[in-house]
There are 2 protein chains.
Amino acid sequence: MQRVTIAQVAERAGVSTATVSRVLSRRGQVSAAVERKVRRAADDLGYQVNVIARALRNSRTDTVGMVVPSITNPFFTSLVESVEHALGKEGKELFLCDARSDPRIEARRLASLVARNVDGIIVSPSHGTESRPAVQQTAERLPLVQLDRFVDGTTTDWVGVDDVAAMRQVMDHLHEGGARSAAFIGSLMTHSSTEQRFAGFRRRAEELDIEVRPDQVLLGDYSVEWGEAAVARLIAEGGLPDAIVCADDLIALGATRACRAHGFPVPGKVQVTGYDDIEFSRLAEPALTTVHQPRDRIAAEAVRLLAAAGRTNEAERGPHAHISLVPTLVVRDSTRATGAPPEGA
Amino acid sequence: MQRVTIAQVAERAGVSTATVSRVLSRRGQVSAAVERKVRRAADDLGYQVNVIARALRNSRTDTVGMVVPSITNPFFTSLVESVEHALGKEGKELFLCDARSDPRIEARRLASLVARNVDGIIVSPSHGTESRPAVQQTAERLPLVQLDRFVDGTTTDWVGVDDVAAMRQVMDHLHEGGARSAAFIGSLMTHSSTEQRFAGFRRRAEELDIEVRPDQVLLGDYSVEWGEAAVARLIAEGGLPDAIVCADDLIALGATRACRAHGFPVPGKVQVTGYDDIEFSRLAEPALTTVHQPRDRIAAEAVRLLAAAGRTNEAERGPHAHISLVPTLVVRDSTRATGAPPEGA
DNA sequence: CACCTCATTGCAATCGATTACAGCTGGGTT
DNA sequence: AACCCAGCTGTAATCGATTGCAATGAGGTG
């Protein structure tokens, strides 16, 4: 395996390894005749550079590492796709790791990426505080950009959306649809995204005079199951409010399902909103009103920041950037059109 | 970045690099006192091996590469998750690549994995024939296992499910539900999976005397959109059969949606089945009857084959294994319970 | 006391590609 | 004719970890 080395190509072409390297990496001057001989030999032998050896010598791998909390969450997979696309344009490749929402696994992955000499790391941290040591240490060694979520109290580049602004749009829309009370279903506050989204939710609710009962703020995790369970609890403990605002689409999908299963039509009896605009939010019954994140743009900015960090010397690296993009509300069928009151109200 | 080398640890501990290496990789004999000194020094400096350098020397990277047609297809992401899990137990890591369903990108990814000296490759080829050269060449250099799909006429290890047996179960179930005619919606026959599934479909349909009109076999790609479009075409060109058998869940999700949108209740007027049992098949309305693939088992077998291939010398590698697991039918609400005739029949 | 054994430890080569530096060659200058 | 220069090519050092071989020294034996 991987038998053909530059030395063999050199021998076959009757030149030195230096010359072969110069031809194959297009650096330095080589006469046309020799170049032809070398290329010929390389093709004949099926030569392929050994990226490992090159990386050791250059301490550059043209590879970027990415760590996400869960590869089965469609939001992250589409983010990964966008990142890979953006990197492709720069001739870089992506090394993807799944942290399984566990800061310890996450720390191992980060360490392993550092050991692999990736040129930079893009991470969406699993935990708002427990991810800190690993992320911080990693950022001291390599260019690192946090994506979507971020760790409390770290100073690294970050790209994401303005959750507060998004929630403002959501609440305004629900209010127009007649909602005067609302529940919030999110993950534990250990993710910055839930924290931000909840903050935006609460602030605008107050401003619009939408009632939020403290026992109707339910925190679990980003999953369909949790959405279902949370709604079951709401129903058991005093009934549903006019609207249920969910911190992501998976939760919203589960919540919608549970509402309907318990005989509360959506959006007839209760409006439901999601967040992320994953593909299935469009397919759900009813199609989900949600917040669309500009994934390609987020990815592009992240890649740009990494590239910039890679070029400048570590010591003179400037202040870190926090890039916050504005997401857009996608109105579908799980909320009511303007002004319609709740059924039977 | 990555500043601490074995030499620095050696200096700090007052020993040679050889000794440090022996301590840190637990090989060879080292006195307890020296071992302590070395570990102490390594910890103090925050030493981490440079995997690149080690890989160059050992020509082993403890990394397995995986190439899938599309990372946004939930079936593949859950397969990836299973593979990563299985590899974790062996102390290996996964390098994941997305081929975007393009054999050319796929070829590039494979080449890059070879160049990166991965220990083995797991690939679900994008195309039944065009993927051949790249897969074949790669398999000559490295242990390689094809997963789920395979390339026509290649001799490598393969792990997947028995599509024909699965389709047999599907057809039997539909037949019991009263179906006497059926359509098939799949991807182009360029994927072995569609090919196999269609073969199983057709064979059992014949045996059960279920009518399959040639113009009701529609081939596009694995996507929700195609499922919707295909059903629209069926309706436009002569109406729906008793059952629609789809080559994967995404198609089935789209098909179901389109049926309902055009006023054909599922399973009332038409039964629909999927394949893969992705998470959203359970959440769809109605929940999808589908074929569950034993993903963990598939992944475990693939990893086992790779490990075995890695141990034996390439030359004396035995015959290649084709491991075919039996999937199970998951009956949900998009098909009819035993014996019920179509509505209005 | 001479000699042997065996556990430790160090030296230096090695993996494969890159590149600073030096050497060579042929043509152009004065 | 002596000298320069530019363009090409080769030699050898380098990246960091591993490991065969040799050296060292402590302890044991006769």
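These numbers come from the heavy atoms of this one structure, side chains and all, not from hydrogens, waters or symmetry mates.
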Ignoring hydrogens and angles, state whether a donor on the side chain of Thr154(A) or Gln146(A) is under 3.5 Å from an acceptor on the partner side chain.
-> yes
Grab the CD-C1' distance between Gln8(A) and dC15(C) for me, whole Å please.
-> 13 Å
What integer distance in Å separates Leu56(B):CG from dT19(D):C1'?
-> 14 Å
Please give, in whole Å, the distance from dG16(C) P to Asn117(B) CG?
-> 9 Å
With sequence neighbours left out, which residue pairs that include part of residues 49-60 of chain B fulfil the salt bridge (charged side-chain N to carboxylate O under 4.0 Å, His left out) condition?
-> Arg60(B)-Asp62(B)
Rounded off to whole Å, could you give me the CG-to-P distance for the Leu24(B) and dT18(D) pair?
-> 8 Å
For Ile6(A) and dG10(D), what is the distance between atoms CD1 and C1' respectively, to the nearest whole Å?
-> 13 Å
Between Thr77(B) and Thr72(A), the two heavy atoms sitting closest are O-CG2, 4.4 Å
Would you mind building the protein contact string for nucleotides 7-12 of chain C? One character per nucleotide, 5' to 3', B for base within reach (heavy atoms under 4.0 Å), S for sugar-phosphate only, - for untouched.
-> -SBBB-
Using whole Å, report how far CD of Gln48(B) lies from P of dG16(D).
-> 14 Å
Please report, rounded to the nearest Å, how far the P atom of dT14(C) is from the CZ atom of Arg60(B).
-> 22 Å
Gap between atoms CG and C1', on Asn50(A) and dC15(D) respectively (whole Å) = 13 Å
Give a yes/no on whether any side-chain N or O of Arg57(B) is located under 4.0 angstrom from OP1 or OP2 of dT14(C).
-> no
Any side-chain donor near an acceptor of the partner, Ser70(B) and Tyr222(B), under 3.5 Å = no
Would you name the heavy atoms of Glu93(B) and Arg116(A) that are closest together and state the gap between them?
-> OE2-NH1, 3.1 Å
How are the rings of Phe95(A) and Phe95(B) set relative to one another: parallel (under 30°), tilted (30 to 60°) or perpendicular (over 60°)?
-> tilted
